[in-house]
Amino acid sequence: MAERTRVVLKSGKDQSLRRFHPWVFSGAIKKIDGPSREGELVDVYDNQNEFLASGHYQQGSIAVRVISFKPVETDQPFWDQKIANAWSLRAKLGLVANPQTNVFRWVNAEGDGMPGLIVDYYGGVAVIQMHSIGMHRNLDAIVESLKRAAGDRLHTIYNRSESTLPDKPGITGKSGFLLGNRERGEVLENGYRFNVNWVEGQKTGFFIDQRENRKLVGEYSTGRKVLNMFGYTGGFSIYGMGGGADLVHSVDSSGKAIDLTRKHAELNFPGDARHEAFAEDAFRYFKNMKESYDLIILDPPAFAKHQNVLNNALQGYKRLNQRAFEAIAPGGILFTFSCSQAVSRENFRKSVFVAAANARRKARILHQLSQPPDHPVSIFHLEGEYLKGLVMEVE
Ligand code: SAH
């Protein structure tokens, strides 16, 4: 392993790596010995020349994303092992060959020891989303490993990294089919049917991370009037109907999302008049709303993509939740979520607390929700715990 570029850290900046945190920030670097090419595999040393980790170099605030805390070569067997490990965890979770659910996250970046790589699985289709040049440079090997790990459970691979890879010169081939050419398909989640378009849909096509929280909504829906706010393709709505809701209203500002929601309602509950969908802004809907709901779901898009807009994001959560507390019927159940990585569980809870206080409504927390186990979080990298939810009973 001679002559690999060495990244040497400033004195005292080695602690987080020793605790297996997978990022090296540019400010921690004392010097770089050797060429520092975008996406290249480099070795990280402490100030005393002790080896700490190998990872992908990239210019920017996160300068190295660690892929191993032992010296490694990123050859085909290396990727085979990593991807196979990720697949076998999903098998252990009962998600592979499950007759009720064929949608899951196969690779969850840091949570699977592969910073910069997301792979979602849609019943035979792998959708890749890369966030780092290092992963992009290893695309061919990763694709090969996906095929080897899944065997005949994989017929299509689509790379969807156009919007997630940083803009750097010479980086081409960010999106496109790498196996097969199917653009959309029907998938099953807990027995419910959804159409997913992995080429055009949001993220990789579907919000897989809400699977278990949707199930819980189903359990609380019996005999309730449900409002699914920020519904996207209506995941929560379908579970609400399945759970025996009296009525389910889905709201999203995107007309396309509302069309898909109507389709999904028809697909799962043909001719069922309990469901209605509205293409409207959430705040406007709250303002003009006529119905009284006793189960409300708030699942807005990430309000804070970066730490520096954190305060605005917390204000946003407060305002939104306040509207819901003001509107919800006595004894109602509120499911409220934040998927902003920059917003901590504590801060999110505080925003919701201020919202309830402002609305003069008493609320009790019944559940504290998170992401499902196919979105694992490294204990050394709690930033990976991005999805936070509260279920409250509102007096
Ligand atoms: N709950 C969904 C995922 C929600 S993603 C699921 O389970 O699949 C967030 C959604 O909020 C997107 O579909 C987006 O179109 C919608 N959205 C964004 N801003 C909005 C606004 N101001 N009012 C209503 N919907 C909005």
Side-chain angles (χ1 to χ4, degrees), residues 101 103-105 120 122 127 163 187-190 192-198 200-218 220-221 226-243 248-265 267-268 275-289 293 295-305 309 312-313 315-324 327 334-341 343 369-372 374-375 386-391:
T101 298
V103 192
F104 57 84
R105 177 150 292 186
D120 286 339
Y122 294 106
V127 184
S163 60
V187 298
L188 271 183
E189 191 188 77
N190 290 314
Y192 295 116
R193 298 160 67 188
F194 294 97
N195 282 302
V196 177
N197 183 326
W198 38 88
E200 286 178 0
Q202 293 185 37
K203 299 232 252 178
T204 65
F206 193 62
F207 286 78
I208 302 174
D209 52 3
Q210 291 286 24
R211 180 178 56 244
E212 294 188 354
N213 302 330
R214 290 184 186 127
K215 210 170 162 183
L216 193 62
V217 162
Y220 274 101
S221 293
V226 176
L227 172 62
N228 180 14
M229 199 57 115
F230 307 94
Y232 186 40
T233 58
F236 284 108
S237 305
I238 301 305
Y239 282 70
M241 294 177 79
V248 178
H249 289 169
S250 307
V251 177
D252 197 288
S253 56
S254 152
K256 262 192 185 171
I258 289 302
D259 288 346
L260 260 167
T261 300
R262 292 195 177 115
K263 242 192 206 166
H264 288 154
L267 190 63
N268 290 281
H275 182 254
E276 272 186 83
F278 307 92
E280 203 170 5
D281 169 77
F283 285 97
R284 277 196 39 194
Y285 190 87
F286 272 129
K287 205 168 151 205
N288 303 324
M289 167 176 127
Y293 300 99
L295 197 162
I296 298 181
I297 302 133
L298 297 178
D299 185 24
F303 283 168
K305 293 238 158 81
V309 291
N312 286 345
Q315 283 300 319
Y317 286 120
K318 192 200 74 186
R319 280 179 51 223
L320 178 66
N321 280 278
Q322 190 172 329
R323 293 292 102 75
L334 175 62
F335 278 71
T336 181
F337 296 95
S338 161
C339 61
S340 306
Q341 184 163 317
V343 173
L369 304 178
S370 187
Q371 57 215 57
D374 51 327
H375 295 61
Y386 65 95
L387 184 62
K388 296 147 289 262
L390 292 172
V391 184

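Predicted, not measured: the structure shown is a model, and the values here were computed from it. As the structure lists them, so they are numbered: ligands from 1, and atoms in each ligand from 1.
Looking at Arg214 against ligand 1, only its side chain comes within 4.0 Å, counting heavy atoms.
Regarding atom 18 (C) of ligand 1, its nearest protein heavy-atom neighbour is Pro301 CG, 3.6 Å. Nearest non-hydrogen protein atom to atom 22 (N) of ligand 1 is Asp281 OD1, 2.8 Å. With respect to atom 25 (N) of ligand 1, the closest heavy atom belonging to the protein is Ser253 N, 3.1 Å. Nearest protein heavy-atom neighbour of atom 5 (S) of ligand 1: Phe207 CZ, 3.5 Å. The protein heavy atom nearest to atom 14 (C) of ligand 1 is Asp252 OD1, 3.5 Å. In this structure, the protein non-hydrogen atom closest to atom 1 (N) of ligand 1 is Asp299 OD2, 2.7 Å.
In this structure, Arg262 does not pair ionically with Glu276, as no charged nitrogen and carboxylate oxygen lie closer than 4.0 Å. The existence of a salt bridge linking Asp374 and Arg211 is confirmed by a sub-4.0 Å separation between a basic side-chain nitrogen and an acidic carboxylate oxygen.
Close approach of ligand 1 to Ser254 (heavy-atom distance below 4.0 Å) involves ligand atoms 15 (O).
Listed by chain and residue number, Gln210, Phe236, Phe337 satisfy the side chain to side chain contact (heavy atoms under 4.5 Å, CB included) test with Asp299 (two or more places apart in sequence, or in another chain).
In terms of polar-atom proximity, defined here as any N/O pair under 3.5 Å, Thr233 makes no such contact with ligand 1.
Heavy atoms of Glu280 approach ligand 1 to within less than 4.0 angstrom.
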